[in-house]
Amino acid sequence: MFLRLQGIIAGYGGSQVLAGIDLGLGAGEAVALLGRNGMGKTTTVRTIFGLLRPTSGRIEVAGRDLTGAPPFVIARAGLGLVPEGRQIFPTLSVEENLVATARGPGPWDLAKVYALFPRLAERKRHGGSQLSGGEQQMLAIGRALMTNPRLLVLDEATEGLAPLIRSEIWDCLGRLRAEGLAILVIDKNIGALSRLVDRHVVIERGRLVWQGSSADLAAEPRVRERFLHV
Amino acid sequence: MRPLSSDRVMAGLLLLLLPMPAVFAALGEPFLTVVLTRALIFAIAALSLDLILGFGAMVSFGHAAYLGIGAYAAGILAANGITGLEWQVPVALAAAGVFALVTGAISLRTRGVHFIMITLAFGQMAYFLMSSLSAFGGDDGMTLAARSTLFGAEPFNGTLRFFYTTLALLAALWLGLRAVTRSRFGRVLAGTRENEIRMQAIGFSPFAYRLTAYALSGMIAALAGVLLANHAAFVSPSYMGWARSGEMIAMVVLGGMGTLTGPVLGALAFILSEEALARFTTHWRLPFGAAVVLAVLFTRGGLLGALKGRGRE
Amino acid sequence: MTPALSVRGLSKSFDALKVSDAITFDLAEGEIHAIIGPNGAGKTTLIHQLSGSLAPDAGRILLGGEDITRLSMAARARRGLARSFQITSILPGFTALENVALAVQARSGSSFRFLRPAASERALNEAAAAALAAAGLCGTEGRIAGTLSHGEKRQLEIAIALAMQPKVLLLDEPLAGTGHRESAALLQLIAGLKGRLSIVLIEHDMEAVFALADRISVLVYGRVIATGRPEAIRADAEVRAAYLGDEEES
Amino acid sequence: ESIKVGVVMTLSGSAAVLGEQGRDGFLLALEELGGRIGGLEAEVVVVDDELKPDVAVNRARELVESHKVDVVIGAMYSNVQMAITGPLTEAGVFVLSPNPGPSALAGAGCNPNFFAVSYQNDQPDEVVGAYVSDKAARVFLIAPNYQAGKDHLTGFKRTYTGEVAEELYVPLDQMDYSAELAQIAAAAPDAVYAFMPGGLGVNFVRQYRQAGLEAIPFYSTFTVDEVTLPAQKKDAVGFYSGGDWAPDLDTDKNRAFVAAFEAKYDRVPASYAAHAYDAAYLLDAAVTAVGGDLSDKDALRRALKAADFESVRGEFAFGPNHFPLQDFYVTQVAERPDGKFQTQIVEKVLEKPVDAYAAECPMK
Amino acid sequence: MTNLLILQGLNGLQFGILLFLVAAGLTLVFGVMDVINLAHGSQYMVGAYLAAAFAGLTGSFLLGLLCAVPLALAFGLILERLVIRRLYDRSHLDQVLVTFGLMLMLNEGVRLLWGSAPISVEMPEALSGSIPIWGNLRYPVYRLAILAAGLGVAAALWWAIHRTRMGMLLRAGASNRAMVSALGTDINRLFLLVFGAGAMLAGFAGAMMVPVVSAEPDMGDTVLILTFVVIVIGGIGSIRGAFVAALLVGLVDTLGRTFGPILLRSLMEPDAASQTGRTLAPMLIYILMAAILAVRPAGLFPVQR
Ligand SMILES: Nc1ncnc2c1ncn2[C@@H]1O[C@H](COP(=O)(O)OP(=O)(O)OP(=O)(O)O)[C@@H](O)[C@H]1O
Ligand SMILES: Nc1ncnc2c1ncn2[C@@H]1O[C@H](COP(=O)(O)OP(=O)(O)OP(=O)(O)O)[C@@H](O)[C@H]1O
Ligand SMILES: [Mg+2]
Ligand SMILES: [Mg+2]
């Protein structure tokens, strides 16, 4: 297992959001995290990255116990994050956003990212805050790729992207997967997810309530109905 | 224990303050009433600052200027034989209001630290102006010719009377500001603190609300200035310097901003601990500074926050 | 009949970048007019200019026949122009109910009232609660808005806009970030508004756009390259090449 | 039987140097008197006025109301003096000033319970003004931009008969005087007259030297004294000042005072210490004269007014406005054989002048 | 008159450069780390005292300077570890208050250690005296040295912030610490270094000034206010803005003080002119700041947020 969560309980202030999450993700595996609004998907991601300290439970990355480790240690263990709401650096130019936190070695460099998102190349000298919503989303993905992670975590990474770009990103994620990158992805586009991932995990009120393959999900309309309202 | 609300803390505080003069007298330290009165005057000033700082996110670093305006209004009128508060207060309020409207209209174009600094600039201008006017004693200040009167009565004559006048005024202003901050006006003010663009998008022009609050706050501070002039029987530009403004911010934040009760607590804690420490050592700034640092680092939401936290356990 | 909103030759540049290039269109009374286009085409910038947070370089904006090009954002809002923000914009320290109640307050009477507590004004609270419910946020009234989940915040944006009871509503990607059930509910909500008020809708969710819109304009590099009924746009080759691709999503 | 004495000095912040001198001068005398004043056990309360008038008023009122003091020695700065003198004297307390002698308390506003043991503020400047009149035809004046600065230059101009090249006021918190020094160089006056007290003087004098202006004679008051000399050192040697006292003033009492002060505190006393020291002996003499009876205020006032004590300054008497009648000197900075620096008397310039405001005082 | 103008121009520049040296540290810590540090002026004071103390011990100002700078750095690092680190996720006002407390402690601390009286240091022999710069116009060598040091620091800083990856990370961290950390950078160590560098710059400025102005308690307070004026006029976080604003403030203040009265005298009665001059002179830079902010509310070179 590259990433393993065991019995994670976490929350904000007084209110508990995650009520004991167990989740494992093998090297090169792609997993989708599903669930309705406010069920704790983002909270899970924040806990994985050490941005939120779990009140109990254990987080392992590549066999190392990293529970309570600061975010940068976890990231350096090979995790790349495309956060919810983009969170690009507004005071840096597009290119600086990509370069500032870049880490090697690995396949990703500026040229590759620009090839994936030509729109970013056009705007590379512009300030991050001047980008359109979709451009910021591209930048957030590019920035995470530039850290050359072994596991890429995408929290609603296609939100606000035009259909054409969106399908390009799904294609790209498919290629990355094929090259052996592990992926943990949150998205509402179940069709595209199903083509990408090995396994779906559904969260409901801070607990894992169902998991299975794309075929299982397709075969169980009740799960889709009950937990996802599709 | 039930969580302590800001209101209950304030009520408790007032109940605690009410018998203090008698307690001090019994302890054989009646002078402490005078010290406490001074702390109450600063509590009024801090209260006024909280309206714009805590509720409007306008951190004025020139608020001491209003204290000075009030003090000089009392001082200058008294020097000309006008001791009636019925004249002094309107003049103080008008002067402070005009100064606030003019400087506020300019300052409110800026935000955040820029607002802090532009209000500092206006405060310093007022300070240097009064320092250079020899007609009013310039830098040396002027002695208050006579204590203020109110339609012939003498609310500031005698330690006890002064104390209770100030306490009553503080309580009344606290109640008044509590109502204001919960009113429609107060909501809009707090809304502009939270997210100005959002407020504009639903149809409010924040400027008018901010300016109104700014002027109101300056006028209340001027009222505190009138009291301060009577308390010290002296008026000096040093009431208006930036250090004073900084201390007032410290009182508000230390006590817990945006709560009205907090600043009152903060002012009392600030003035009284300064007085207490100064009795032990001339190097009192060292322990005082340390206390401020520790108080902020280890409480959230100021002293009031700490009190509330205790009540919850 | 005068259109609810008409835009004439609106132009805006950031340095060398032309983000609005002589944009002209009409929003008929009661219609939903969708604006689609690639990322960075200038859709949000257009909304900024319509709502008054950005001044255009040239062109005019008419609301119900009245020229509002020079009016401030607040003045436009008071005349019945409401908007939602692409990047969530709420009052994070207020409760959800207070967020909406302020919007109600803005259209009902003066806010220079200093003494009566606003929290006890029943009219404000009732209207606000109704708007929250309409946006699918029952039960969140007392929660601090900043602690809502991303999707819930998106819904709150809609509730605030609705509470203003606008004549014209500008929606910038209202569905982005909402889950399936919520977006279905919102879709229904917006559909229900059709006819009662006029809506400019920006959305990348094509299903929603084709389901809701009476007319669609396609914006590319600041220019409207096509305007028409949904079927026509879907079939337009140029639009497919620039924006839609051949994606078929579930 | 005891006497309660309050000492109000600025003892915190950078302005504390003066206050410390005053406090130490007073405490030294008290120690010599065996802790008794006029035979009464002396209870002394020292308070810090923080150089804030409103704080000072509070502390002063506390001295009256809580400590029931009979006499206050203080303050060190004019603005504090103005703030505390009213409340104290109204409460029947006698105030002995070891330094400030503001004009407002010397003229029409003179006060029966207030005694300046120092001088009227303008007098040191008048002395230097008179002295410079036949030494330099064009003088450049400089002072900090506040009321006292203006008063001191006015004092100088009252007796100076030559031409004023320029009158410059600098902000109180300024530390770097390159611009002013350039102006002085450009004006090329025959002499400079400066009132730059405390830290201002330290920086001004050193930069004056660094700018190579020492060829232009430097006259001053409160700019080169024993408080600033430890920092100015050689840079101030040869610079002139004016006043009623210097460490080398040739009286028995003064020699004893300076020796005792240096032995106890390991620094050269300044006039602030000398005046506070005198104030203690003045008080001692007066209380002795009334036989320790503090209740008869009029008698005590008459006894203070008589000033029947041995001053470090030699002959000393009070005028009708309770300001001293004493001699004034021009002094000059010199390095002593032991490597310390002090001011030394050059010439007695005025003999027992009456200050400019005394005539307006209604007290007889 | 021209000579005086050139001389005062140089004086203004030199004053401005000094302000820049202090302001650079403040704007770094403020703009990059988003921490308002009121104790910054006290760090300037600490630098001055350290230099004075070690110059006194070793008998040489240059040795004193060499000791003071690393110690100022160490002092900054310790302060960051003990206090400032706890302020990163606090509001600006909490930061103001804590650093205000620190300022009180530091000012009182030096008074406890070194007394209230000013302490001075001899000008180093090699740098005393003046050299001709223009015709018969001479200028003190030491002040030229301050000018040169300031220009050097300005160039180095600009390069470090805008041209290095560390600079980018710093600017990124200022707007979103959590994100920088989640992308794999140890932001705490980075901030530690920045704060140390800021403290060192302030200490260096204090040490450089101590042969000119003596070390005394509270000497940092005036400088603090002036540097805040500078970074606000310049636009917070902008090194370039701080540089331009520092020179502007230096020139306006110096030239205004010298030539303002001359100007006023040509406009009105001498008495009125002198009174007006006395009233206006100390307000000058505040008027400058208010005017600039009234026209450009975010300063001259606002940093995009
Ligand atoms: N900072 C916070 N403070 C308090 N509560 C929070 C905070 N952030 C999120 N929550 C609450 O935690 C719960 C889970 O939120 P989370 O963001 O993990 O949901 P999510 O599954 O990612 O939803 P969405 O699809 O809307 O993004 C929600 O009820 C939310 O209101
Ligand atoms: N203040 C600004 N300065 C410079 N360029 C800007 C500014 N604001 C926006 N832009 C640019 O203008 C273009 C249009 O931006 P806009 O936000 O309107 O796009 P959009 O159509 O809403 O895109 P999306 O669908 O991704 O939200 C973008 O390329 C953006 O980078
Ligand atoms: Mg989420
Ligand atoms: Mg957009």
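Convention: sequence-line order gives letters A, B, ...; per-chain numbering from 1. Everything numeric in this text was worked out from a predicted model, so none of it was measured.
- The candidate from E/Thr279, E/Val121, E/Thr254 with the greatest count of non-hydrogen atom pairs under 4.5 Å with chain D is E/Val121.
- Only the backbone of E/Val210 comes within contact range of chain D, with heavy atoms under 4.5 Å apart.
- At a 4.5 Å heavy-atom cutoff, the contact between E/Pro118 and chain D is made by backbone and side-chain atoms alike.
- For chain E, the nearby part of D/Ala186 is the side chain; its heavy atoms alone come within less than 4.5 Å.
- For a residue to count as touching a neighbouring chain, one of its non-hydrogen atoms must lie under 4.5 Å from one of that chain's; by this rule D/Ser12 touches chain E with backbone and side chain alike.
- Between the CZ atom in E/Arg257 and the CG atom in D/Leu168 there is a gap of 8.0 Å [rounded to 0.5 Å].
- Within the 4.5 angstrom heavy-atom criterion, atoms from both the backbone and the side chain of E/Ser214 approach chain D.
- Proximity to chain E (any heavy atom under 4.5 Å) is shown, for D/Glu167, by neither the backbone nor the side chain.
- Note that the CG atom of E/Asn11 and the CD atom of D/Gln183 stand 10.0 Å from one another [nearest 0.5 Å].
- In this structure, chain E has no heavy atom under 4.5 Å from any part of D/Leu229.
- For D/Gln21, no part sits under 4.5 Å from any heavy atom of chain E, backbone or side chain.
- Only the side chain of D/Lys150 comes within contact range of chain E, with at least one heavy atom under 4.5 Å from a heavy atom of that chain.
- We find that D/Glu20 and E/Arg111 are joined by a salt bridge, their nearest charged nitrogen and carboxylate oxygen being less than 4.0 Å apart.
- For chain D, the nearby parts of E/Met219 are the backbone and the side chain; heavy atoms of each come within less than 4.5 Å.
- The distance from atom OG of E/Ser120 to atom CG of D/Asn203, rounded to the nearest 0.5 Å, is 9.0 Å.
- One finds the CG atom of D/Leu200 at 8.0 Å from the CD atom of E/Glu216 (value rounded to the nearest 0.5 Å).
- In terms of heavy-atom pairs under 4.5 angstrom with chain D, the leader among E/Glu108, E/Gln8, E/Gln14 is E/Gln8.
- D/Gln210 places a side-chain N or O within donor-acceptor distance of the main-chain N or O of E/Pro211, the cut-off being under 3.5 Å.
- Taking D/Gln174, D/Lys233, D/Lys234, D/Gln232 one by one and counting their heavy-atom pairs under 4.5 Å with chain E, the maximum is reached by D/Gln174.
- When atom types are taken as modelled, the side chain of D/Asp176 and the backbone of E/Phe15 share no donor-acceptor pair closer than 3.5 angstrom.
- Chain D forms the most heavy-atom pairs under 4.5 Å with one residue out of E/Val212, E/Ile119, E/Asp221, E/Asp218, and that residue is E/Val212.
- Your options are E/Thr258, E/Leu10, E/Leu7, and the one with the most heavy-atom pairs under 4.5 Å with chain D is E/Thr258.
- Remark: E/Glu122 CD is loosely packed, at most 12 non-hydrogen atoms of other residues, nucleotides or ligands lying under 6.0 Å away.
- Within the model, atoms CG of E/Leu280 and CG of D/Asn145 stand 10.5 Å from one another, a figure rounded to the nearest 0.5 Å.
- Annotation: the span from E/Met123 atom CE to D/Gln207 atom CD amounts to 8.5 Å, rounded to 0.5 Å.
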